[in-house]
Amino acid sequence: MVPAVDGGTRIFSTGSEARPFTVFPLKCAVQHYAWGKVGPESEVAKLISSNDPSVDIEQEKPYAELWMGAHPKGDAIICDNRISQKTLGSWISKHPDCLGSQVKDVFQGQLPFLFKVLSVNISLSIQAHPNKELAVQLHAQFPDRYPDKNHKPEMAIALTPFEGLCGFRPVEEIIGFLKNVPEFHAVIGNEAAELLENSSSDPRQISDALKKCFTVMMTCEKKTFVDQLNMLVKRVLEEAAGKDMAGSNGELLLRLHSQFPGDVGCFVIYFLNLVKLQPGESMFLGANEPHAYLHGDCIECMACSDNTVRAGLTPKFIDVQTLCGMLNYTPAPASEKIFPFIPDPSDPCVFLYDPPVPDFTVIKIEVPSSVKRYTISSIDSASILLVIRGEASATAAHPSQINIRRGSVLFMAANASVDLCINSLDGMLLFRACCML
Ligand SMILES: [Zn+2]
């Protein structure tokens, strides 16, 4: 007997005991970090309760992340008790060919990415991730702090209007804040500020000046920046009544200060771009790019690693020397931080978010309401599929049907395809993570 583990969902089978299953539903791990959106406000909670109405969403509990992958701290559960392995990680180690011929070899039999949904209520720490070379070095030197040898490129795709900090602002903007925000100027000091103000158009000179200013701030005595920050917050509050706070980035400052009072990260907003994404827009966080997620819901895909160097908005350890030494000090406007997606010339429903790293690609599949039958094509990579909108009955290679709906998560082995017979009136929206080498 096959139990209806997944909210009444039926299960795929290849129809043969000897051959491995190729497509099956997953029950994914929820992380209840304190920064997450609470109860039914959270997109994570909405997705899991849509997929399985029997799930009880707790009104006061944060639902921060949904982990769709095989990470040991949140290995997805396979919803088919005909499969002897209970989790995706154990299934992949038994069937490494499911990863795809190249992926299996290049990533030593591991799923190279972790796919997530994030619901951010309170800002996450300002951070950057090392490149592979630095990751190896940091792991050798400080294995407790940097737990693996891998890089950690990340991509965030907005599901709801989403805000984050990303990359250094154009120099003119930073100089503007040095003029308009005397407390920020005081933390940077005259010498470093003049270096930036007097820098020529030579990119090298600008990067050096930015690095100097940022390092002075990060190494500033705590009492100095706390005093300056308190003065700034007081002044902005006094000026707030009826005045435009843009010159001091006042709205964001007050919001972050209420979440992290006395944190140096509150000054980091004068260095980094505030990036606002509309649903479907994305940011790619490559090596050494300073960033922080501030608010909203997104899909995230990343290489499998836990290597994070923090810069503020956190009670956790900040490795100032590593951080200031590694960052990408290339200034650029916020608009350049929005990562473009590419339409697939062979399929008008498919859009690729293909970052310049081998570890992952995210595919958006948007099927219009006029299309009732659609095939999710096979590729030579294992993939994970998340339904954001719509309902369908789906059929894999050997006929056996499964009903998928908003919140459903499917694992697809390499070279498996899925035929959808779409039941919803407003089409479907799905995201698929895979590895295109
Ligand atoms: Zn990050």
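Counting starts at 1 for both ligands and their atoms, in listed order.
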Participant: For a distance under 2.8 Å, tell me if Met302 has an N/O/S atom near the Zn ion (ligand 1).
Facilitator: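 Not a single backbone or side-chain N, O or S atom of Met302 is under 2.8 Å from the Zn ion (ligand 1).
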Participant: Would you call the rings of Phe341 and Tyr353 parallel, tilted or perpendicular if under 30° counts as parallel and over 60° as perpendicular?
Facilitator: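 If you compare the ring of Phe341 with that of Tyr353, the planes turn out tilted.
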Participant: Once rounded to 10°, what is the value of the angle centred on the Zn ion (ligand 1) between Gln127 OE1 and His129 NE2?
Facilitator: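 Taking the Zn ion (ligand 1) as the apex, I get 90° for this pair.
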Participant: Any ion pair linking Glu366 and Arg389 (charged N to carboxylate O, less than 4.0 Å)?
Facilitator: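 Salt bridge present between Arg389 and Glu366.
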Participant: Are the charged groups of Glu281 and Lys276 less than 4.0 angstrom apart, N to O?
Facilitator: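 No.
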Participant: Under 4.0 Å between a side-chain nitrogen and a carboxylate oxygen: does that hold for Asp306 and Lys152?
Facilitator: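 Salt bridge absent between Asp306 and Lys152.
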Participant: Rounded to 10°, how many degrees is the angle OE1/Glu154-the Zn ion (ligand 1)-NE2/His291?
Facilitator: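 If I round to 10°, I get 90°.
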